[in-house]
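Following: one structure in structure tokens, then a few remarks.
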Amino acid sequence: MLEHVPEPADSPSYAYWCERSTYASEDRDEPDCFARYSATTPELAIQRIRDEARALLAVLPEGQRPALGWAEGVGRVRALGALYGGRTCGFSLRHGDGWSEWVVHPQLLLPADGQAPTEDGRP
């Protein structure tokens, strides 16, 4: 296991706020599609991004599909490490004439009793 990626049981309690902006062309300043959703774990957030990226690429001819290196292997491990560490991560993907950007923001969860977490980030 990588030293810099904490075990989930040792991590503060977070929810993961995800946003995706999809632009039909480089000329657009505003996204054509904007989606927001939450995930309960970093793994679920990254898996949803991978699924969305694969769906966007599936409509392209096979020779025009870029590799998803950022969503696999080292890119995935780095994103998980950032999220478990309470840091934001992001990805971008060019598909045909357009592109998509994903950002995942960890949001510290407060306990149900409303008390602020301790210095180590735990309720």
Side-chain angles (χ1 to χ4, degrees):
M1 183 100 191
L2 296 174
E3 295 294 323
H4 67 281
V5 179
E7 291 296 323
D10 296 332
S11 297
S13 297
Y14 290 103
Y16 300 89
W17 185 249
C18 309
E19 297 176 348
R20 184 192 76 237
S21 303
T22 299
Y23 302 84
S25 72
E26 292 181 25
D27 301 334
R28 302 291 301 244
D29 290 331
E30 297 294 324
D32 296 302
C33 177
F34 186 77
R36 292 180 177 151
Y37 51 89
S38 64
T40 55
T41 67
E43 288 85 359
L44 290 173
I46 300 303
Q47 182 61 48
R48 179 143 178 195
I49 291 169
R50 288 167 49 181
D51 292 347
E52 290 178 354
R54 287 180 181 136
L56 287 168
L57 296 179
V59 299
L60 295 177
E62 193 168 325
Q64 294 180 11
R65 295 180 195 162
L68 294 178
W70 51 263
E72 311 285 345
V74 175
R76 180 179 174 278
V77 171
R78 287 182 180 154
L80 291 173
L83 294 172
Y84 274 117
R87 297 181 311 276
T88 298
C89 74
F91 303 99
S92 62
L93 174 68
R94 181 167 301 283
H95 45 89
D97 292 333
W99 84 93
S100 293
E101 300 170 346
W102 291 266
V103 178
V104 182
H105 304 278
Q107 300 294 316
L108 191 60
L109 295 176
L110 294 177
D113 62 10
Q115 293 185 11
T118 60
E119 285 185 26
D120 66 0
R122 296 186 191 180

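Start at 1 with the first residue, then count along the sequence. Source: prediction; values computed, not measured.
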About how many Å separate [atom2] of [Y] and [atom1] of [X], when rounded to the nearest 0.5 Å?
X	Y	atom1	atom2	result
Leu83	His105	CG	NE2	10.5 Å
Glu19	Trp102	CD	CH2	13.5 Å
Ser13	Gln107	OG	CD	13.5 Å
Glu52	Gln47	CD	CD	10.5 Å

Next item on the list: Consider only side-chain heavy atoms of I, L, V, M, F, W and Y, link residues closer than 4.5 Å, and tell whether Phe91 and Leu44 are in one cluster.
Entry: no
Next item on the list: Decide yes or no on ring pair (Phe, Tyr, Trp, His ring centres under 6.0 Å) for Trp99 and Tyr23, but give the supporting numbers first.
Entry: CA-CA 5 Å; Trp99 84 93; Tyr23 302 84; 4.4 Å; yes
Are any non-hydrogen side-chain atoms of [X] and [Y] less than 4.5 angstrom apart?
X	Y	answer
Thr88	Pro106	yes
Leu57	Leu60	yes
Val59	His95	no
Thr22	Pro31	no

Margin query: Distance alone, cut at 3.5 Å: any donor-acceptor contact between the side chains of Glu43 and Tyr16?
Written below: no
